[in-house]
K.L.:
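Below you'll find the structure I mean.
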Amino acid sequence: MKNKITLTKLREMKKAGDKIACLTAYDASFAALLDEAGIDVLLIGDSLGMVLQGEDNTLKVTVADMLYHTRLVSRAGRRPLIVSDMPFMSYATPAQALGNAARLMSDGGAEVIKIEGGENLLEVVQHLNRHDIPVCGHLGLQPQSVHKYGGYRVQGRQRQAAEQILQDAQRLQDAGIIMLVLECIPADLAANISSALDIPTIGIGAGLDCDGQVLVLYDMLGISARIPSMARNFLEGKASVQDAVRSYVEAVKAASFPAPEHSFK
Ligand code: KIV
């Protein structure tokens, strides 16, 4: 397809300083709408456990759930890059990760898979890489580790924790990830990571200096029961969902979102 977003294109966008607009999507109707509005990357996030299934966290999401929703999105999202989350405990060993990632790609239509974690994941990333499976990392707040953190908290505020996240980012890049989501970390830490890496960073609650931004679709449409402080309701004052999504794309591209109130120190 003409204008299809590929990993090469995302790297070029990073080099050129063109911001990458990403949103989560879980079904074909929204995938088509977001594609039409100019979204570059569609993420089938395991956040679907919370926003679709009504759970308190993402831990009950299964590979079968991810497969189902990835299929729906990849059927209708043509231009954007399709990234699918691997759910909790589906990538605990390199062999398990390979089997599940292969299903998400060959049965689901994912073009990239995303996994949460730092240096504990290096072997998994290398193994997937050897089998030509593009991997997106996810550092900072990792929702699948919510019980380890004791809640959803900003990460990397202490010096040692910040250094660990930066080091994890560099080691993941060396292991072969092609993109990195940074969630809920101080904006200056995300800026340092983004300039240290060659691969694109996509921030959520990570400040303006990431190479792109992502939000949970239901948060940016004001549907979620509790809208996190890092999100903005783009539907407010707009006549349609289409207008809201276009306004999100424009705000990301113009670097007017996130504002300081959607970021952390
Ligand atoms: O599951 C998800 O939606 C995510 C985003 C919040 C980055 O991982």
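Both ligands and their constituent atoms are indexed starting at 1 by order of listing.
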K.L.:
Show, in sequence, the C-alpha distance, side-chain angles and deciding distance for Thr201 and Asp211, and conclude whether the side-chain hydrogen bond (donor to acceptor under 3.5 Å, both in side chains) test is met.
P.N.:
CA-CA 5 Å; Thr201 59; Asp211 302 305; 3.2 Å; yes
K.L.:
If you look at each N/O of ligand 1, which protein N/O atoms lie under 3.5 Å away, and at what distance?
P.N.:
unit_1, atom_1, unit_2, atom_2, d
ligand 1, 1 (O), Asp46, N, 3.2
ligand 1, 1 (O), Asp46, OD1, 3.1
ligand 1, 1 (O), Ser47, N, 3.0
ligand 1, 1 (O), Ser47, OG, 3.4
ligand 1, 1 (O), Asp85, OD2, 3.0
ligand 1, 3 (O), Ser47, OG, 2.6
ligand 1, 8 (O), Lys114, NZ, 2.9

K.L.:
Should the pair Tyr218 and Phe30 be assigned to parallel (<30°), tilted (30 to 60°) or perpendicular (>60°) ring geometry?
P.N.:
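Ring orientation of Tyr218 relative to Phe30: tilted.
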K.L.:
Going by an N to O cut-off under 4.0 Å, is there a salt bridge joining Asp168 and Arg171?
P.N.:
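No, Asp168 and Arg171 are not salt-bridged.
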K.L.:
Taking side-chain hydrogen bond (donor to acceptor under 3.5 Å, both in side chains) as the cut-off, I'd like each qualifying pair that reaches into residues 253-265, sequence neighbours left out, listed once.
P.N.:
Asp40-Lys253
K.L.:
Should side-chain heavy atoms under 4.5 Å link Ile, Leu, Val, Met, Phe, Trp and Tyr, which residues sit in the same cluster as Tyr68?
P.N.:
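Its cluster partners, ordered by chain and number, are Leu72.
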K.L.:
For Leu208, what are the other residues in its hydrophobic cluster, where any two members join if their side-chain heavy atoms are less than 4.5 angstrom apart?
P.N.:
none
